[in-house]
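What follows is a set of notes on a single structure, which appears directly below.
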Amino acid sequence: WDEPLIFELGNKGRKGFIVPEPEEEVKRKVGGIRIPEKILRKKPPNLPEVSEVEVIRHYTRLTEMSYGVDNGPVPLGSCTMKYNPRIAWEISNDYRINMLHPLQDERTIQGLLEILYELQKWLANITGMDYCSLHPAAGAHGEFSGILIIRKYHELKKQLDRKSEIIIPDSAHGTNPASASMGGFKVVEVPSGEDGNIDMEALKSVVGESTAGLMITNPSTLGLFEENVVEISKIIHGVDGLLYYDGANLNGIMGYTRPGDMGFDIAHINIHKTFGAPHGGGGPGAGPVCVKDKLIDEERNIWLRDLLPGYRVVYDEKTGLYKLVNNEKYSIGLLKAFFGNIVPLIWGYTYILMLGSKGLRTVTEQAVLNTNYFISLVKDIRGYDIPYGKDRYRKHEVVLSAKPLYDDTGVSAEDVAKGLLDAGFYAPTIYFPLIVHEALMTEFTESETIEYIEKYAERLQEISTIAYSDPEKAKEWPLNTSVRRVDNVRANHPKTLAPTWRIYMEKVCRKYSEC
Amino acid sequence: WDEPLIFELGNKGRKGFIVPEPEEEVKRKVGGIRIPEKILRKKPPNLPEVSEVEVIRHYTRLTEMSYGVDNGPVPLGSCTMKYNPRIAWEISNDYRINMLHPLQDERTIQGLLEILYELQKWLANITGMDYCSLHPAAGAHGEFSGILIIRKYHELKKQLDRKSEIIIPDSAHGTNPASASMGGFKVVEVPSGEDGNIDMEALKSVVGESTAGLMITNPSTLGLFEENVVEISKIIHGVDGLLYYDGANLNGIMGYTRPGDMGFDIAHINIHKTFGAPHGGGGPGAGPVCVKDKLIDEERNIWLRDLLPGYRVVYDEKTGLYKLVNNEKYSIGLLKAFFGNIVPLIWGYTYILMLGSKGLRTVTEQAVLNTNYFISLVKDIRGYDIPYGKDRYRKHEVVLSAKPLYDDTGVSAEDVAKGLLDAGFYAPTIYFPLIVHEALMTEFTESETIEYIEKYAERLQEISTIAYSDPEKAKEWPLNTSVRRVDNVRANHPKTLAPTWRIYMEKVCRKYSEC
Amino acid sequence: MDSHPWIPNSTREIREKMLEKIGVKNIDEFFNDIPRNIRISKEEWDNLEIGLKKPISEITARRIIEEKLSMNKVFVPLLFLGGGAYPHYVPSVIKYLISRGEFLTSYTPYQPEISQGILQALFEYQSLMAELLDMDVVNSSMYDWASALAEALLMSLRVKKNKKKILLPSNMNPIHKRVVNTYLSPHNVRIEYVNYNHDTGLIDLEDLKNKIDNDTAAVYVQSPNFFGYIEENAKEIGEIVHDIDSLFIMGIDPISLGLIKPPGELGADIAVGEGQPLGLGLNYGGPYLGIFATRMDMKLVRQMPGRIIGLTRSVDGSRAFTMILQTREQHIRRAKATSNICTNEALSAIAAAIYLALLGKSGIRKLAELIYYRSHYAQARLREIGLNTDIFKSDFFKEFPINFDNIGVKYRYVHEKLLENNIHGGLYIGNWFPELGETALYAFTEIHTKNDIDLLVEKLADIINELKR
Amino acid sequence: MDSHPWIPNSTREIREKMLEKIGVKNIDEFFNDIPRNIRISKEEWDNLEIGLKKPISEITARRIIEEKLSMNKVFVPLLFLGGGAYPHYVPSVIKYLISRGEFLTSYTPYQPEISQGILQALFEYQSLMAELLDMDVVNSSMYDWASALAEALLMSLRVKKNKKKILLPSNMNPIHKRVVNTYLSPHNVRIEYVNYNHDTGLIDLEDLKNKIDNDTAAVYVQSPNFFGYIEENAKEIGEIVHDIDSLFIMGIDPISLGLIKPPGELGADIAVGEGQPLGLGLNYGGPYLGIFATRMDMKLVRQMPGRIIGLTRSVDGSRAFTMILQTREQHIRRAKATSNICTNEALSAIAAAIYLALLGKSGIRKLAELIYYRSHYAQARLREIGLNTDIFKSDFFKEFPINFDNIGVKYRYVHEKLLENNIHGGLYIGNWFPELGETALYAFTEIHTKNDIDLLVEKLADIINELKR
C-alpha cells in the first residue's frame, strides 16, 4: 500500500475547485488590480493541479492508512483516547456553530453562550473549583495559563522576585516543566517513592521561600493516587505557593474526589481526553483552566478568578442575557485571539450533558475497573513488571515495565510496541514516565471492551513468548503494517532531514539522486 | 482481515442506543400496555447486544473492506460509475430535506418543489422529451413505467388485445426483457449485425400488427450508436408501436443528440448513472421517466403525458405556487407510495445545476474520449478482441472479448476480472452483453484520470502476458483481496444455502458442525 | 471549456495527447455516426435551459440551493403525520457510517472478493431483519413497502400458478392499494377487498371467510393496519388462508415488532413492510426501504424478487459472502426473471441494519413501548378535550384516527389553524374512507415528548373553544 | 446504572467477571487510597449540577441542544466582520474528508508504522504551506495566528540570545498584541511599537529605522496589516532588519499570497499566519490554525516550536513519514523544550492542505483576485454613497476601514440599524485606534456576491439618508 504524495498526482491545468469569476459590473467598476508591482506575486506557488476526484481518492486512501479509536483501542497512557460519540460530530458540524464569527454581537449568539456558560459551571462542579475559563486551546495551553496565574498571583502580592521555583514530580508529563519554564520559572524536580507517592522528605527539603507553586497530576502517570495530597497542599500553601492540578488524568477520579477538594488552587481539564472530544491526529483540543477562588488583595479586591485568561461567560440577571467578561486589569490576558476552541468544547458539552454526574462516575469506575482487570491479566506474564506501589490498585492507567524482558532477551519496550502494531493493535505510550525503565504506559479508558482488553493481554503474552524463544524475530516487527520500522537516524540527520517536499526534492532527491 | 458478524460481537446487556423512558405522567395516564396477549410478542428478537463503540468499529472495518469510486475506477460498463460530487452529499443531508414528510402540505415545501420542477424541465431538455415524472425509484422502475405507458396507450386506443409484443435487441440490458415481461408483453429478440447496429432485415421481419413497441438503449451496450435509429423509429411508428429509450447509456450522447430527436416516445434516465448520484452499493437510485407528448385520443383529449406515473410538479401561475398533479383517470398510477427518491434526485439536481448544458456536453465528450483512448491502448494486446463495428468509434463504453485469450490459454473473462481485482482495480462487467463471448464491458466515464486508464490498460497487458506464459497462475487470482475466490456452487447449493445468519446457524452450522 | 474538477482529463494537454494517440483530429469525429438530421447543434444545446447553461462554482450553487431550501418549512417534531412514513429519530452513528465513501460510492457487489465489507453488511441486514420478523429469508431490499407488497402479490401468483385472485384488506394503506393496482394491472388477476369491522377497525373475519376461495392465491393483512390498529386475529387469519392453500402475506411496521408478534410467529409466508422508521430520514418520501421476507421453502425462495446475499466460503475455506440465487434475476434470466428489479435500496438496508444493531434486543422493545405510551397518552389527552378519539374499540400502536365531526367545521379548518401555530396536524383520511366523516390520522413517536403532545392538545383545545364561542 | 452505549463493559455480568478475576468485592475498593476527608459522597456528587445529573438519550440531548442552537443568529453571507477571522466558503470535500474517523479519532502519530496516512497528510500540509509561503520548513500547526506569532517572538529571543527587544508594528491586529503581551510577560524583554504612516496606513520606515537597534531580536510586520492594507515595503523592511542582525518575522493571510509576494521572497526568517480562511469554519473563534514557518537554517529550525513531520525511509528502503526533531519538544526535552505545545491543530492543518490541493496553483490566484475585486467594488460603491472609504492611500486586499464621522452619529447606531435588517456590519475599531474616530473595518470575500454588497450599500445609504432628514 503506497500512496503517492499529492505533489506527484495531478496534471497540468487540472483543478479541484472552481473559483467564480468576478461579476462583470464588479470588474468594470474596479478596473483592475492596482497592487504595486514590487509586492505583486509573479511566480505562482508550486501547488499541485489535481481534480476533485483525485483529492477524494488520495485522502480516502490516507485515512485507510491511519488508525484511530474508530479502528480499535488506542491505549496511550495519559492520552485518554476514548470513544468519540458521533452525535457530537453531528452537532459540532451545525451551521449555527460553524458560521458564527468570533466578533459577532453577543446578543446574536445567546444560544452558544448559554452552552458555554453551562459548560463552565459543569466543569467547575466536576473539579470542585469555583470558576473556569474555556479559553486555552489544549492541555499545555491550560498549564501555561495556570503558570501565568501563579506568576500573576505572586506579582500582585509583590513577592515574585523571590518566588522563582515550580516544584514538579519526576513522574510528571513533559508539558509541566516546559510550561513552568515558559512561565519564567525554574523547575525543581522531586522524586517518587517506592509506593508511587511523592517522596515527602525530598519535597519538604526543596520547599521554601522561593517556592512559587507545585504542579502535579493526580492520579499520577503511574496511575496511582497521591495519598499525601492533603499534606502536600498544606506544605505548599504554608509557603504561600499555589497548587496546580494537571487534569490529564481526571478520568481516574471523577465522582470520587475533586482537585478543589484536595487543595488545588488551579486546574486544567482536557476536553479531548476526559470528555470525549476527538484528538484529530494531534488536535484540536481544548484545555479549560479553573481556579478555586481566593482573595489575593483585600484592598484592591483582587480575587484569583480575576486572573483567569480570555473571556468568561456570565449571565446578566438584569438584561437576561449572557455576556463575556474579561478582567483586563488583572487577567493574565489572552493566550490566543478568540474565545476558545468551540468545536471540542461542543463535544465536551454533549458528552457531559448526556452522561450527567451519575454517568461520569460510571466512566471513572469503568476506566479504573478496566485498568485493574488488564493488570490481573498481565501481571504474571514473564518479562513484564509493574514497578512502584506494588500492592496498590491503579486508577485510569498502569505502567508496565519491560525491563525484565529487555534484560533477559534484549527485546525492548519499543520492540513490544512494534509487536503490538504488527497484530493490528495500537501501542501504549512507551518510555514514559521516565522513572520507569522500558515503560509501557497503558490506558484503556471506559470505552474499551473486555474482549479487546483480553486480546491485548494475550498479544502481550505472545510477544513475551516469542521474545524468550526467538528474540531476533521480535526485532523484525512490524511486518504487517503499511511500512516497516522507520529509519529515525536518517529522518533526523541534517543531511537527509526533509521537513517539506521542496527540501526533500532539493536536498535529498537532487543531491543524492534518490527520488 | 476478517471481521466477525455483528451477531458474534457484543455481550449480554450491552446496548448501542438509549431509548428514553416515557414521562411519569405519560405512564400514569396510560396505565399500561393493553395489547391483547395473543398478539403480544413474548420472545424478544434475537438481535445483538452491542455498544455504540462496537457498532462504529464494526462498520468502519466493513467499509474499509469495500470498494467504491472513492477508492478508484469502477469501470462497470453501462453502470456509469462516475465521481459523486461531495457537495451534493452535504446538500442532500440538509434537515430541510431530511425532515420533510411526503404528505406534508404542499404550501410548506415550495423550495423542494421548485427544485423538482426545475429538474423535470432540465431532464426534458436533455432528452428532448416534453414531460418527465421523477417518480420511479430506479432504472428498471422507469422501464416498467414505460412499458405500462405503452400498455395503457394501446389500451386507450383499444388495440391492446393484438399489441402483445415488445421488440428488444439481443444486446439489451437484462432489465429490458424483464420489464416487458412484468408488463405482460411477449419479448421478441432481434439480433445485432456485424456493424453493431440492429439487423434491419431481422427487425422488419418481426415487426407487425402485434408489435406494441420497441426498447433499446442508444448507444447500445456495445458502446455503438444505432445508426438506423430514424428508420427503426419509422418502422415501429408505422405499426403504431411506441419506442422506448433505455437511458442507461445517455452519458455517451448528451449534447450531440437526444432520444426525443431520434424518434423515441418514452425514455427513462438513471440519475445515479448519468447525473452523479451515488449507487450506495446497490441503491438507492432514481429513474425518472419522460415522454414525447402526443395526442392519443382527440375526443377524450388524452395525451401521452397524462399516462405518466406518480406526480408531476407544475407551477400554478394564478397562486404563484408549485403543486403536484396526477391524472388519476389515465395515469398508469403509482409505482411506489410517495413522490420519488428525493436524495438521489437532489444529487442529480446539483450535478446538472453545476455543469449546465455546456458542462454536460463536456461530460459526454470526455467520457467518449476516455473510451476511445482506452481502446487505443488495448486494441493490440494479445488475447483481447473488440467484436462488432470493427472500425467504429465507441461512445461511453467498449466491450472487449477475451475469447482469443480463452481459446489460446484457457484463461477466461472471469480470470481476467480476478486478475484486475488482484492488482487493486475493480473489474469491468463480465459476460455481458451476451452476444459477446468472454465479454469485458468497460466504461470509465468522464471522471476517470488518464493515469488510471493507462494503468488499467497496462494491467490488462500484464494479465495477457501472464496468461500466455503461466495460465495456472491466472486461475489463482485474486490473492491480494480480503478473500480468495468465492465458492459459488456451495453458495447456491440448497444444502448449504445460507441467506441469513439464522439459517446458517441452523442448517450449515449445526448440521455439519462447521461454524 | 476550462478543465472541470469532476472531469480530470478535460485539460487541453491531456485531450490533445489522447486525440493524437487515437489518431483523430477532434472530438466531434467520434460522433460522426450520428445522422445529421437528429443531431443537435452546439449552439442550440448550449442555449437549452439545463442548469445555468454554463458550469458554475460550488459557491454559487450553494447559494442558489440555499435560497430554495429556505422556502421549505420543517415542522418536526411538531408534525403528526404518518400514513406510511413516520418522523423517527435518526441516530448520528447512522448518518456518519452511511456517509463513508466506500459504501456510498460502491456498486452492487458483482465482484465479491473486493467487496466483502458491503456484502457482509447486507447479509447482516438480511439476518437482523430475519430475527425481527422471525422469518428465514430476507432479500437485500425493495424500493419501499408498497412496491414490496406488489411484488409479493406477483410472487404469490407465480407460486400459486393457477390461482387468479388476491384478497386485500380494506383497512390497508390506500396508497398501497394504488401501487398494487399498477403492478397487477398487466396481469389476469382479480383483486377483492375484505371489509373491516366498523366497530373494531379490524378485518372482518366473516367477510374474509366469505370471499376466500380456491382461486385465491394470496391474502394480505396489514398490521398495524392503516388506522394504526393491531390486527390481533392475524394468526387466525393465517390459518384460514392456509386451510385453502393460499399464501398469507403480512405487512408490518418494523418498530411495532418490539411489542407485537412477528409475522413468522403468526404464520406468514411472506412479510413485507416499510424500513423507513429504522433510521432513515423522511426525505419527502424516499429513498425508503422495502422489506421483503419469506419462509425457507425453496418453492417460495426461488420465486423471490430482488438480490440475496449468502454466507459461504472461499476456495481456501475462509468465510465469504456473495450474491446468491442470481438465476432468479433479470441480468441472468431476462424475460423469465422473478422481477425486473436491479438497483434496489442497499444503503437504506445498511442504515436499517445499523439501527437494529444499535437498539439491540431490548432497545427495540423499549422503543415500541415508548411509542405505545406516547400515542396512548395523546389519545387520552385528546379525548379529554372532547375529540372523538375512540372510533374503533381495539388497540393501536402509534397512530389512530380522530373524528372531528362534532366540532362543526371541516377538518381543513383545523389543519389551517394548526399550521398558523407552526404545527402540522395529522393526515386527513375522509376522502379515502368517507364512512368515517371528517377524520384525520394522528401519529406519535419517540420524537414527540409529552410537552409536544401537550402543546398539540392545547392548540386543538383553543381551536375547539374558539369554535364554540 | 444500566449499561451505557459508550461504556461497553458497564453490564452487571462483565463487571462481576472482572471484579472476580481481580479479586475485589466492589469497585469502591479501588478508591480506598483516597483519603476520606477529600472524598465526595455519591449522594453529593449525584446531586451536583453536571449535565442533567443522570444519563439521557441522544434523542433528549438533541432536543436540548437544538433549542439552544436556535437562539444563535447566522448572518453569513450578510456578515462583513474580519479582524483576523473571515467568512470564507468551505468546500464540502473538506467537511467530508475530515469527518472520516481514521483521521478524526486518531492521536498524535507516535507510532509511525501504523499511522503513515495521517503522517503523510501532515507532511503534505507542511509542504503545501511551504510552497504558498515560499518558506522551507513549516511545522504541523500552532493554535492560531496570535499564539504562533507569540511563539515566533519567543523563538527569536532564543535565536538571538543576547537581544532583549522586539519591535512590533502599531498597525498589527490589536488582539494579537494582547496575546503577545501574555506570552512575553514572564520574560525580560522590551516590546516597542513602530508607528504607522497615517497617510498610507503602512509602517513608517523612518520610525522603524529610529527604533531598531542592536538589541532588537526581531521585527514583525503584518501584511495585509490590521487595516487590510498591503505592506508594500516589506522587502525593504526585511533588509533594514537583516542589516542589524535581527530576525524578520512576517504575519500573513494565506489567501492573499495568491496575489502578494510570499514572505520567503520578501526575506522573512519566520512567517506566521492564520489558516482559518483555508477551509475552516468560523466556529466562533476556534479551532483555527496557527501557521508557523521558517527558513532551512538549523539555527532557526532547532529553535522551532511544535511538531514537524519528515519524509524518510523505512528499514527496507521504502518511503516513510515520521515525526522529526523531537528533541526540541517537551516530551523529550521537558523544561528545556522550545515550547510546551503538545496537542496542536492537526486536523485543521489537514483541512487546509485539502483546501490548497483543491484550489491548486491557479485557483489560489483566482480566489485572491476575486476577493480583491469584490472588496474594491465595495469600496467604490460605499464611496459613492458618501462614506469615507479612503482613510489610507495605499492598496488593500480584503478589508478596509470606513470612517463614519461625517454622518453625525456613533457607529453603534449604524450597527444597530444594520442588525435590524439582518446584516452584521464590520468591526468597530475606534476603541483601538482613537485617532481614526468612528471607524469600522469591513471585510469582503468570495462569499459576498455583488448582490450582497449592493444590499449592504443600499441599507447603509438608507441609514445615512434617514439621518439627513
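None of the values given here were measured: they were computed from a predicted structure.
Within residues 88-102 of chain D, the residues approaching chain B closer than 4.5 Å by heavy atoms are, in numerical order, D:Tyr89, D:Ser92, D:Val93, D:Lys95, D:Tyr96, D:Glu102. For a heavy-atom cut-off of 4.5 Å, chain D lies close to B:Tyr83, B:Arg86 in residues 79-86 of chain B.
Using a 4.5 Å cut-off between heavy atoms, B:Asp70 touches chain D through its side chain atoms alone.
With sequence neighbours excluded, the residues that form a side chain to side chain contact (heavy atoms under 4.5 Å, CB included) with B:Arg361 are B:Tyr256, B:Glu365, C:Lys42, C:Trp45, C:Asp46. Judged as a side chain to side chain contact (heavy atoms under 4.5 Å, CB included), and not counting sequence neighbours, the contacts of D:Glu13 are B:Lys12, D:Thr11.
Relative orientation of the B:Phe275 and B:Tyr351 rings is perpendicular, given thresholds of 30° and 60° on the angle between their planes. Classification of the D:Phe123-D:Phe321 ring pair by plane angle, with boundaries at 30° and 60°, yields tilted. Ring-plane geometry between D:His4 and D:Trp6 is classed as perpendicular, the angle between the planes exceeding 60 degrees on a 0 to 90 degree scale with a lower cut at 30.
No more than 12 heavy atoms of other residues, nucleotides or ligands lie within 6.0 Å of NZ in B:Lys43, so this atom counts as exposed by the packing criterion.
In this structure, D:Leu278 and D:Met129 have side chains that are in contact, with non-hydrogen atoms separated by less than 4.5 Å.
Checking side-chain atoms of D:His424 against main-chain N and O of D:Val76 turns up no donor-acceptor pair under 3.5 Å.
Cation-pi contact between D:Lys73 and D:Phe75: present, with separation from the ring centre below 6.0 Å and deviation from the ring axis of at most 45°.
The aromatic ring centres of D:Phe444 and D:Tyr377 sit 6.0 Å or more apart.
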